[in-house]
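For reference, the structure is listed below as structure tokens.
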There are 2 protein chains.
Amino acid sequence: MQLMSEKSAAGGGLRERKKRATRAALAEAAVRLAAEHGAEKVTVEAISAEAGVSVRTFFNYFDSRDDAFVVVDADAGERMRRAVLEAPADLSPLAALREAMAAELAEAEAQHELWRLHAKVLHASPHLLARGVGAHMAAEADLADALAERLRRTGDTGGPGSGTGSGSVTGAGSGLYPRLLAAVAGAAVRTSMDHWSAHQEEAAFLDVFHEVFTLLAAGLPAPSA
Amino acid sequence: MQLMSEKSAAGGGLRERKKRATRAALAEAAVRLAAEHGAEKVTVEAISAEAGVSVRTFFNYFDSRDDAFVVVDADAGERMRRAVLEAPADLSPLAALREAMAAELAEAEAQHELWRLHAKVLHASPHLLARGVGAHMAAEADLADALAERLRRTGDTGGPGSGTGSGSVTGAGSGLYPRLLAAVAGAAVRTSMDHWSAHQEEAAFLDVFHEVFTLLAAGLPAPSA
DNA sequence: ACATAAGTTGCATGGTATGCAAAGATGCAC
DNA sequence: GTGCATCTTTGCATACCATGCAACTTATGT
């Protein structure tokens, strides 16, 4: 029971494998069809046919048609959560988050082609892009919990107002700091991807990513002052 | 139905006023019905009936049913844009953004009751919350443009690598910095609202808001290290 | 008052989404 | 491998969402 929890790879039962395959097939069919004909022109019927299942089954896997375009990897959140918890203790919270996200992005690069198609589809229709952003929020909430846990382990809980030098209204234990961290890091990743996909030939993604987190750690200073 | 709001610069023509009134009536009906019966249980027919128009007219104002719950104030973005451009030159970009958003939030507090109902509705169903977040992205893009304009006026465009101390891959003029700023500030506002609505009795919203931006300006330091 | 532009409405149509019950796979014990 | 319990798939019925179109009603300018 302890060894079978390989991340997303072949799980134990045949049922689970089939379910994962079906879900993946539906998501992939959705993205490919959308990339070719435009997301608005792709019906649930077409997606289902391409994946070889019935329309009804599609809705057993996704709550709405748009979800098929948006949901990429369901357990990416769990991996990042672990990465944050297992990160070296001498990393700052922001740095731990950065490393976790960088690892996840590298993972996404594994399915190079699908990732690009996916980005193309989302970018093509703002409606879906918005939905995608929203989808990240659940993951951010999980990450915030993981960060809170990490803070509880690494340092003390401190008194309210202990560290920042300015009066802390809520105290670190109340959850504001981890949530802010997760939300801001998410925004940073989205900005990086956005900027990179717009200037793809000028800079490597990792360079943009690094610069963004450097700006964050410096407190977003005015560039020329 | 004949509520004529005087805030949004009551436009000259009768037509425009009627349109605004109808849109406001639809949005308000949607939020009130959703607050009472749950968003999922509110049909377009019910909203339209409450606002005194036909179902078909509803779809002349909103592209989808969910939009009626999400869209708050269409020209809030324009106001923030102006606020950023007209902010005192000695404010840091982050501070200018903070002031613009604070002013907008104060504006939202004007319709106290509706604002709370709105927050309640969005918070009750994650689906809408995600959509709401996505809706903010368009505004963020506009804000990023305004910030870029402000930076162009205030300072020089600088050479790449001029200000931050670390190599700037893209240069300030390429748009990464303003976009990051807008995205992060948006995330900060959302986090503030979230935290405040969860701990409403512990701290005033403005205190949370202030603390969040202080943390940002300090580079999100680890609270106890 | 008249012509024009703009907004509203009903109807028809097709896609989206859910509940339900029957049929088909799978897992497990024997 | 037989049989039973569980989960999954599927078709059908139903309701709601969303858009195009044409007819009708209401402002606006002269």
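Chain A is the first sequence line, chain B the second, and so forth, proteins listed ahead of strands; every chain is numbered from 1.
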Students often get this wrong, so: under 4.0 angstrom with heavy atoms, is B/N60 touching a base, only sugar-phosphate, or nothing?
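Base contact.
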For B/V55, answer base if it contacts any base atom (sugar-phosphate contacts may also be present), sugar-phosphate if it contacts only those atoms, and nothing otherwise; contact means non-hydrogen atoms under 4.0 Å.
nothing
Do the numbers put A/R65 on top of the ring of A/F59, so that NZ or CZ is under 6.0 Å from the six-membered ring centre and no more than 45° off the axis?
no
Rounded to the nearest Å, what distance is computed from the [atom1] atom of residue [X] to the [atom2] atom of nucleotide [N]?
X	N	atom1	atom2	value
B/E40	D/dC16	CD	P	14 Å
A/K41	C/dT16	NZ	P	12 Å
B/R17	C/dA6	CZ	P	18 Å
B/F58	D/dT19	CZ	C1'	14 Å
A/R131	C/dT16	CZ	C1'	12 Å
A/D66	C/dT16	CG	P	9 Å
A/F59	D/dC12	CZ	C1'	15 Å
A/R23	D/dT9	CZ	C1'	15 Å

Nearest to the side chain of [X] - [options]?
X	options	result
B/S64	C/dT8, D/dA18, C/dG7	D/dA18
B/T57	C/dC20, C/dT8, D/dC16	C/dT8
B/K19	C/dT16, C/dG7, D/dC17	C/dG7
A/R15	C/dA6, D/dC17, C/dA25	C/dA25
B/T43	D/dC17, D/dT10, C/dA17	D/dC17
B/L14	C/dT18, D/dT28, D/dT19	D/dT28

For B/E104 against B/A76, the heavy-atom pair lying closest together:
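That would be OE2-CB, 3.6 Å.
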Should the ring pair A/W115 and A/W196 be called parallel, tilted or perpendicular, given that the plane angle runs from 0 to 90° and is split at 30 and 60?
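Aromatic pair A/W115/A/W196 classed parallel.
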Classify the ring geometry between A/H195 and A/H199 as parallel (under 30°), tilted (30 to 60°) or perpendicular (over 60°).
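A/H195 vs A/H199 ring planes: parallel.
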Any side-chain N or O of B/Y61 under 4.0 Å from OP1/OP2 of C/dG7?
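It does not, given that no N or O in the side chain of B/Y61 lies less than 4.0 Å from OP1 or OP2 of C/dG7.
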Presence of A/K18 side-chain N/O under 4.0 Å of C/dA25 phosphate oxygens OP1/OP2:
no
Taking N and O atoms by type only, does the side chain of B/R56 place a donor or acceptor under 3.5 Å from a partner on the base of C/dG7?
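Such a pair does not exist between side chain and base.
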Within a strict 4.5 Å, meaning less than it, do heavy atoms of the A/R23 and A/F62 side chains meet?
yes
